[in-house]
Amino acid sequence: MTHLDSDHQILYKLMDEYGNDVWNYAYFLTRNRDHADDISQEVFIKVYQGMHTFRGDASTKTWLFTITRNTAFSYRRSRFFKQGLLGGRIASLDYPVEGSSTAKYSTSTSPSAETEVMEQQYADAIWDIIMELPDKFREVLVLSLKYDMKIKEIAELLNISEGTVKSRLSRAKLKAQKELRRLEE
């Protein structure tokens, strides 16, 4: 096996294991599926080109999310992004991704169609609220809720103190809860 074959295998493993997470994180940063596609592709190109620079100081996920975040911010500053930004509404947290086998319900009985629609509308409303939060609050909340990242991991990824992460997370939850209560009235 050549060095190149080994690099390809590592890349395929990373793409298989983290590809959906990278795409979803890119989506949450840009709020656009096409941009998330472009950013995800760019992230794995950068990973392939720089995989030998990974020192192991952080987890693989943190390393990939750092590359995703930096790539998304560069992309957002680019002229193409500014011209192509059309906005849009998030439909749900998890978009079906090819090859994904994640099931939403693991019980033996499935909910009624009406229940499914109501639950989806409620989930949509929650994610609409989250997506409207200021970037600094939305980002920590998504990293915590969606990706189960620990305070320390989020702090490393965002290059901020753990106290700042805790504060932002608390404020994000309060803002989201307040808006949800307003909608439920």
Side-chain angles (χ1 to χ4, degrees), residues 13-33 35-40 42-44 46-47 54-76 87-97 100-106 118-184:
K13 183 178 180 192
L14 289 172
M15 289 171 67
D16 186 51
E17 190 168 340
Y18 297 104
N20 291 346
D21 289 340
V22 166
W23 186 93
N24 283 326
Y25 187 45
Y27 177 81
F28 283 113
L29 292 171
T30 63
R31 302 180 190 192
N32 183 292
R33 288 179 177 213
H35 298 313
D37 289 343
D38 293 342
I39 290 166
S40 297
E42 182 68 26
V43 164
F44 284 106
K46 289 178 180 181
V47 166
F54 179 61
R55 296 184 312 260
D57 295 339
S59 70
T60 303
K61 182 191 280 187
T62 301
W63 179 60
L64 289 169
F65 278 18
T66 300
I67 295 169
T68 304
R69 185 172 192 262
N70 292 339
T71 303
F73 288 165
S74 294
Y75 193 82
R76 286 169 59 173
R89 212 176 154 269
I90 182 170
S92 70
L93 173 61
D94 288 313
Y95 289 100
V97 178
S100 176
S101 61
T102 307
K104 288 205 178 221
Y105 298 101
S106 60
M118 290 177 67
E119 286 176 357
Q120 187 60 50
Q121 287 175 340
Y122 189 71
D124 290 350
I126 291 170
W127 284 106
D128 284 343
I129 290 168
I130 291 172
M131 292 304 287
E132 292 303 318
L133 291 172
D135 289 348
K136 66 183 184 179
F137 298 130
R138 182 180 72 242
E139 188 168 29
V140 295
L141 193 58
V142 168
L143 290 171
S144 175
L145 294 176
K146 169 71 175 139
Y147 298 107
D148 293 322
M149 292 182 78
K150 307 283 185 247
I151 300 291
K152 182 176 180 167
E153 291 176 313
I154 296 170
E156 288 174 10
L157 172 64
L158 303 180
N159 199 26
I160 58 177
S161 73
E162 290 181 36
T164 301
V165 172
K166 290 176 186 177
S167 172
R168 288 181 184 178
L169 197 51
S170 176
R171 291 177 66 193
K173 287 177 182 179
L174 287 173
K175 285 177 179 285
Q177 289 169 352
K178 181 180 174 183
E179 187 62 23
L180 188 58
R181 279 193 296 273
R182 188 188 70 74
L183 287 176
E184 288 176 341

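What you see is a predicted model; the values in this text were computed from it and never measured.
The minimum heavy-atom distance linking Ala176 with Leu133 is given by the pair N-CD2, 4.4 Å.
The shortest distance between side-chain heavy atoms of Glu179 and Arg182 falls below 4.5 Å. Under the 4.5 Å side-chain criterion, counting only non-hydrogen atoms from C-beta, Leu143 is not in contact with Phe28.
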All N/O donor-acceptor pairs, side-chain side in residues 163-174, below 3.5 Å, sequence neighbours left out:
residue: Thr164; atom: OG1; partner: Ser161; partner atom: OG; Å: 2.8

Return a table of donor-acceptor pairs under 3.5 angstrom between the side chains of residues 149-159 and protein atoms on other chains or two or more places apart.
residue: Glu153; atom: OE1; partner: Lys150; partner atom: N; Å: 2.9

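Every residue meeting the side-chain contact (heavy atoms from CB on, under 4.5 Å) condition with Asp135, not counting sequence neighbours, appears here in chain and number order: Arg31, Arg76, Arg138. Phe65 pairs by the ring-ring contact (aromatic ring centres under 6.0 Å, His included) definition with Tyr25, Tyr147, not counting sequence neighbours. Partners of Arg181 by salt bridge (Lys or Arg N to Asp or Glu O under 4.0 Å), not counting sequence neighbours: none found. Residues satisfying the side chain to side chain donor-acceptor pair (under 3.5 Å) criterion with Thr62, sequence neighbours excluded, are Ser59.
One distance of note links CZ of Arg33 with OG of Ser40; it measures 12.5 Å at 0.5 Å rounding. Atom CZ in Phe137 sits 14.5 Å away from atom CD in Glu132 (nearest 0.5 Å). Once rounded to the nearest 0.5 Å, the distance linking CZ of Phe73 with OG1 of Thr30 reads 10.5 Å. The structure places CD of Glu42 at 11.0 Å from OG1 of Thr68, a figure rounded to the nearest 0.5 Å. Going from atom CD of Glu17 over to atom OG1 of Thr60 covers 7.5 Å, rounded to the nearest 0.5 Å. Rounding to the nearest 0.5 Å places CD1 of Ile129 at 11.0 Å from CG of Leu141.
With hydrogens and angles disregarded, no donor-acceptor distance shorter than 3.5 Å links the side chain of Ser144 to the backbone of Val140.
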